[in-house]
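All residue numbers in this chain count up from 1 along the given sequence.
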Amino acid sequence: MDEKKTANANSDSKQAVKTKKKDKKPNIFKRIGAKFKDVFSELKKVSWPSFGKVVKQTGIVLAVVVIFLIVITAFDFGLLQLLKLVSPK
């Protein structure tokens with residue numbers, strides 16, 4: 001009877017070791033390698049814009065920035081002139 005308990009205990013301990021090995025994370029280099037592999041596989045799925053489209057959109061962004069620069073500068077200049085009128089030296 002003791003032999004059966006020992007055999008059960010041994011099989012339980014073997015299963016516990018197997019589950020620990022399954023639950024254990026792979027080392028850091030394998031995880032980093034897997035992450036890079038995932039990133040590159042996702043990058044293959046990306047639909048990249050054409051060069052012409054990129055240039056056009058960049059031009060639009062630059063034009064909007066310049067317009068906002070002009071508007072904010074004009075607003076700042078107007079407030080400065082108003083401040084000079086209100087508080088003379």
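Phe40 shares a hydrophobic cluster with Ile28, Phe29, Ile32, Phe36, Val39, Leu43, Val46, Trp48; the chain of contacts runs through ILVMFWY side chains whose heavy atoms sit under 4.5 Å apart. Members clustered with Leu80: none, using a 4.5 Å side-chain heavy-atom cutoff among hydrophobic residues.
Shown here are the salt bridge (charged side-chain N to carboxylate O under 4.0 Å, His left out) partners of Lys30, two or more places apart in sequence or in another chain: there are none.
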In residues 55-77, what donor-acceptor pairs under 3.5 Å come from side-chain atoms, sequence neighbours left out?
from, atom 1, to, atom 2, distance (Å)
Thr58, OG1, Val54, O, 2.7
Thr73, OG1, Leu69, O, 2.6

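Residue pairs meeting the salt bridge (charged side-chain N to carboxylate O under 4.0 Å, His left out) criterion with at least one partner in residues 39-49, sequence neighbours excluded, are Glu42-Lys45. Listed by first then second residue, pairs satisfying salt bridge (charged side-chain N to carboxylate O under 4.0 Å, His left out) with a partner in residues 31-40 number zero, not counting sequence neighbours.
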